[in-house]
Every structure is written in C-alpha cells, then in structure tokens.
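Report on the following structure.
Treat the numbers as computed from the prediction; the structure is a model and nothing was measured.
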Amino acid sequence: MSATATVSLGSHGLALRCHLVEVREDRPLNEAEDVGRFESWRSRHQTLARAGRPASTELLALGEELYDWLNGADQFLHRVLEGAPAPLLVEFAVAKQDNSALARAFLDAPWELLASGGRHLALAD
C-alpha cells in the first residue's frame, strides 16, 4: 500500500497531513514573507535550469532548503518518511478558486527538488 502526504494551502495557512501514519499539522503562514520565499525558490530554480551546465550541487542545496522549511520545527516530513511505506506520494494543493499571489507562488515553488541527506526524495527507493 502506498502512502499519500498532502500539503494544502488554505485560509489559515498550511495543512500538512499523512493519514496512513497519523501525522497532522497546521502551520500558519505570513503571506508577504512566504510569497517572497516561494518566488525566490522558483527564481533560483529557473536560473539553475537555464544555466546550461550541470547544477546538481546547487539544485540539491535548493532541495534541502525546501525540505528544511517544509519539515519545520515539528519534523513533518521526517515523521512521514519514517512511518510511511514506499512509495510515498506528496501532493501540493490549493483551493480551486484560490487565485491569490500566495497560492500561485506556493504552486510554482520547485517542490520536486525536495532533498534530504544529500539526495533528492524523488530518487529515493
């Protein structure tokens, strides 16, 4: 059985869930600060992707920065990764009608780069 973790943006902030391992966290966001953070990650990713040279070290560092932020003080990702069987599907979502700057920036962040321990999660066994 595969596990699904969801990271949903709502009016209260982030709802982080993985029902299979009973992990549940609500995290407030600061709209101005977090829009800037998400846009910075997107911009850095685009710059690295357009560099025309292998940027694996920089992409890995960016992925680890995203992981650290999303993991947070309560260790959301760590707890999910420790408890959930592979494969793990992580879904990022906003409400269908949410067209705010925060929602757009959140969805445009390069979550596919999430990395921990020197390895992108998408490459984990």
Side-chain angles (χ1 to χ4, degrees):
M1 170 184 256
S2 62
T4 301
T6 59
V7 181
S8 303
L9 180 67
S11 59
H12 68 283
L14 289 181
L16 308 154
R17 307 284 189 267
C18 185
H19 298 291
L20 189 63
V21 293
E22 299 179 8
V23 174
R24 176 185 176 94
E25 178 183 339
D26 292 313
R27 188 180 306 161
L29 294 177
N30 176 310
E31 185 166 352
E33 183 179 310
D34 290 312
V35 166
R37 179 188 332 274
F38 299 147
E39 288 178 347
S40 172
W41 288 335
R42 178 194 47 79
S43 177
R44 287 169 50 201
H45 180 228
Q46 287 178 338
T47 298
L48 291 169
R50 293 179 181 145
R53 60 175 173 76
S56 60
T57 302
E58 293 95 340
L59 289 170
L60 184 60
L62 179 55
E64 289 183 340
E65 187 177 328
L66 275 98
Y67 179 96
D68 290 343
W69 181 85
L70 188 57
N71 196 32
D74 290 336
Q75 301 290 296
F76 168 74
L77 285 174
H78 178 76
R79 291 182 293 142
V80 169
L81 290 169
E82 286 294 312
L88 174 65
L89 173 65
V90 181
E91 296 178 340
F92 295 85
V94 300
K96 182 178 180 179
Q97 59 274 41
D98 190 348
N99 194 27
S100 67
L102 180 59
R104 288 188 307 273
F106 172 74
L107 291 176
D108 285 343
W111 300 112
E112 67 274 14
L113 296 178
L114 284 170
S116 179
R119 184 172 181 152
H120 291 285
L121 299 185
L123 298 175
D125 298 334

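- Remark: L16 CG to R79 CZ distance equals 9.0 Å, nearest 0.5 Å.
- Closest of all the heavy-atom pairs between F92 and L107 is O-CD2, 4.0 Å.
- Between the side chain of D26 and the backbone N or O of A15 there is no donor-acceptor pair closer than 3.5 Å.
- Put simply, the side chain of R17 gets close to the backbone of E25: a donor and an acceptor are under 3.5 Å apart.
- Summarising the geometry, atom OG belonging to S56 is positioned 10.0 Å from atom CG belonging to L48; distances are rounded to the nearest 0.5 Å.
- Using a 4.5 Å heavy-atom threshold, the side chains of P110 and L62 count as touching.
- For S40 (side chain) and G36 (main-chain N/O), no donor-acceptor pair under 3.5 Å exists by modelled atom type.
- Residues L81 and L121 form a side-chain contact, since some pair of their non-hydrogen atoms from C-beta on lies under 4.5 Å apart.
- The shortest heavy-atom contact between A115 and L60 is CB-CD1, 3.5 Å.
- Atoms CG and CZ, from N99 and R104 in turn, are 5.0 Å apart once rounded to the nearest 0.5 Å.
- Put simply, the side chain of N30 gets close to the backbone of A32: a donor and an acceptor are under 3.5 Å apart.
- Between atom CZ of residue R24 and atom OG1 of residue T6 there is a gap of 9.5 Å, rounded to the nearest 0.5 Å.
- A 4.5 Å side-chain heavy-atom check between L14 and L29 finds at least one atom pair inside the cut-off.
- Here the closest heavy-atom approach between residue F106 and residue V94 is recorded as CD2-CG1, 3.7 Å.
- By the 30° and 60° cut-offs, the orientation of the rings of F38 relative to W111 is perpendicular.
- Of all non-hydrogen atoms in A84 and V21, the two that sit nearest each other are N-CG1, 3.4 Å.
- In this structure, L59 and H45 have side chains that are in contact, with non-hydrogen atoms separated by less than 4.5 Å.
- Annotation: the span from E39 atom CD to R44 atom CZ amounts to 14.0 Å, rounded to 0.5 Å.
- Shown here for E64 and G118, the closest heavy-atom pair between the two residues is OE2-N, 2.8 Å.
- Among all heavy-atom pairs drawn from C18 and V80, the shortest one is CB-CG2, 3.7 Å.
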>> Would E65 and D68 count as a side chain to side chain contact (heavy atoms under 4.5 Å, CB included) here? Give the steps.
In response: CA-CA 5 Å; E65 187 177 328; D68 290 343; 5.8 Å; no
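- Here L102 contributes atom CG and E33 contributes atom CD; the two are 11.5 Å apart, rounded to the nearest 0.5 Å.
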